[in-house]
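Atoms within a ligand are numbered from 1 in the order they appear, just like the ligands themselves.
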Amino acid sequence: MSRLDPETHQSLTDMRELMANADCLISQEEVERALDRMAEEITRDLGDKLPVFYCVMNGGLITTGHLLTRLGFPLEVDYLHATRYRGKTRGGELFWRVSPEIPMAGRHVVIVDDILDEGATLAAILDYCREAGADSVTTAVLVDKQHDRKAVPGLKADYCSLEVADRYVYGFGMDIKGYWRNAPGIFAPKGR
Ligand SMILES: O=P(O)(O)OC[C@H]1O[C@H](OP(=O)(O)OP(=O)(O)O)[C@H](O)[C@@H]1O
Ligand code: HPA
């Protein structure tokens with residue numbers, strides 16, 4: 001048996017229990033269908049525009065990967081890392097860890113992320129893209145959390161067909177205390 005310090009071991013037990021008792025809000029099959037729809041819409045709108053897709057790390061990683069393999073047209077891929085939760089369940093100030101490398105000027109830009117919660121992250125990224133001179137900016141987000149605390153009232157992603165209730169969710173790229181981004185669906189801790 002490997003030697004784990006008690007803190008790590010406790011955390012392993014907690015994380016396993018959390019998953020064993022989670023509520024599944026959206027199944028993997030539903031996520032897959034939503035990604036199929038998103039891919040069809042994006043293909044219709046951007047299939048002949050040589051767009052650049054920017055994955056918002058870390059949460060956008062899984063959605064970006066699953067989405068891109070559904071797109072049968074030429075495109076470029078880059079990433080940026082802007083974070084405001086940093087392992088916590090409440091968002092704070094936005095911290096830009098990594099800026100994108102492929103220039104946005106004159107390009108059709110697609111921002112891909114996992115969740116639109118309060119929207120401060122997406123709003124700041126949209127400002128960045130416009131200032132960078134993108135020809136068009138569209139947003140593809142896996143899931144929109146339902147509440148009235150959006151940073152910009154009425155803020156919506158251009159492509160998004162899943163909604164979740166106002167609970168802290170995880171899976172399919174979204175973390176809980178840094179873990180379970182790998183969960184194959186969208187979950188919430190039981191009763192919370
Ligand atoms: O709509 P908002 O309230 O701004 O929250 C949404 C953002 O929060 C999460 O990122 P996080 O800051 O947790 O960074 P991470 O992706 O590296 O975990 C998520 O991936 C979104 O980018
Ligand atoms: O509910 C959430 N879960 C995971 N990451 C998040 N980032 C914003 N909201 C959430």
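- For His81 (side chain) and Met57 (main-chain N/O), a donor-acceptor pair under 3.5 Å exists by modelled atom type.
- For atom 12 (O) of ligand 1, the nearest non-hydrogen atom of the protein is Arg84 N, 2.7 Å.
- If you number the atoms of ligand 2 from 1 as listed, the ones under 4.0 Å from a heavy atom of Asp175 come out as 4 (C).
- Taking atom 1 (O) of ligand 2 as the reference point, the nearest protein heavy-atom neighbour is Lys145 NZ, 2.8 Å.
- Heavy atoms only, all atoms of each residue included: Pro51 and Pro74 are closest at CD-O, 3.8 Å.
- Contact annotation for Asp175 and ligand 1: only side-chain heavy atoms (C-beta onward) come within less than 4.0 Å of the ligand.
- Within a 6.0 Å radius of OH in Tyr128, more than 12 heavy atoms belonging to other residues, nucleotides or ligands are found.
- With a heavy-atom cut-off of 4.0 Å, Asp113 touches ligand 1 through its side chain alone.
- Less than 4.0 angstrom separates some heavy atom of Met174 from each of these atoms of ligand 2: 4 (C).
- Nearest heavy-atom pair across Asp45 and Tyr159 is OD2-OH, 2.6 Å.
- The nearest pair of heavy atoms linking Asp78 to Glu101 is OD2-N, 2.6 Å.
- Nearest to atom 11 (P) of ligand 1 among the protein's heavy atoms is Thr83 OG1, 3.6 Å.
- Counting only distance, with no hydrogens or angles, the side chain of Arg84 and the backbone of Glu93 share no donor-acceptor pair below 3.5 Å.
- Ligand 1 has an N or O atom lying under 3.5 Å from an N or O atom of Gly59, backbone or side chain.
- Only the side chain of Asp117 comes within 4.0 Å of ligand 2, judged by heavy-atom distances.
- Looking only at heavy atoms of the protein, atom 9 (C) of ligand 1 is closest to Tyr85 CD1, 4.1 Å.
- Close to ligand 1: Gly119, with a non-hydrogen atom less than 4.0 angstrom away.
- At a 4.0 Å heavy-atom cut-off, ligand 2 does not touch Ile176 at all.
- Within the 4.0 Å heavy-atom criterion, the part of Tyr85 lying near ligand 2 is the side chain and not the backbone.
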Please walk me through it: do Arg149 and Asp166 pass salt bridge (charged side-chain N to carboxylate O under 4.0 Å, His left out)?
CA-CA 10 Å; Arg149 301 187 304 281; Asp166 190 11; 2.8 Å; yes

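- Expressed to the nearest 0.5 Å, how far CZ of Arg70 lies from CZ of Arg37 amounts to 11.0 Å.
- Between the side chain of Asp158 and the main chain of Thr139, a donor-acceptor pair closer than 3.5 Å is present.
- The closest approach between any non-hydrogen atom of Tyr170 and ligand 2 is not below 4.0 Å.
- In this structure, Arg167 pairs ionically with Asp23, as a charged nitrogen and a carboxylate oxygen lie closer than 4.0 Å.
- Of the candidates Asn58, Leu116, Val169, it is Val169 that places a heavy atom closest to atom 3 (N) of ligand 2.
- Side chain of Lys145 to main chain of Ala165: no donor-acceptor pair is present (N/O by atom type, distance under 3.5 Å, no hydrogens or angles).
- For atom 15 (P) of ligand 1, the closest non-hydrogen atom on the protein side is Asn58 N, 3.7 Å.
- When each atom of ligand 1 is checked for a heavy atom of Asp114 under 4.0 Å away, the hits are 19 (C), 20 (O), 21 (C).
- Relative to atom 10 (C) of ligand 2, the option among Tyr168, Trp180, Phe187 with the closest non-hydrogen atom is Tyr168.
- In this structure, the protein non-hydrogen atom closest to atom 7 (C) of ligand 1 is Thr121 OG1, 3.5 Å.
- Distance from atom 6 (C) of ligand 1 to its nearest protein heavy atom, with residue and atom name: Ile115 O, 3.4 Å.
- To the nearest 0.5 Å, the span separating CZ on Phe187 from CD1 on Ile26 amounts to 10.5 Å.
- Residue contacts with ligand 2 for Glu118 are absent, since no atom lies close enough (heavy atoms, distance under 4.0 Å).
- At least one heavy atom of His81 sits closer than 4.0 Å to an atom of ligand 1.
- Residues Leu94 and Thr121 are in side-chain contact: their nearest non-hydrogen atoms beyond the backbone lie under 4.5 Å apart.
- At a 4.0 Å heavy-atom cut-off, ligand 1 touches Arg181 through the side chain alone.
- The pair Arg181-Asp114 does not count as a salt bridge, with every side-chain nitrogen at least 4.0 angstrom from each carboxylate oxygen.
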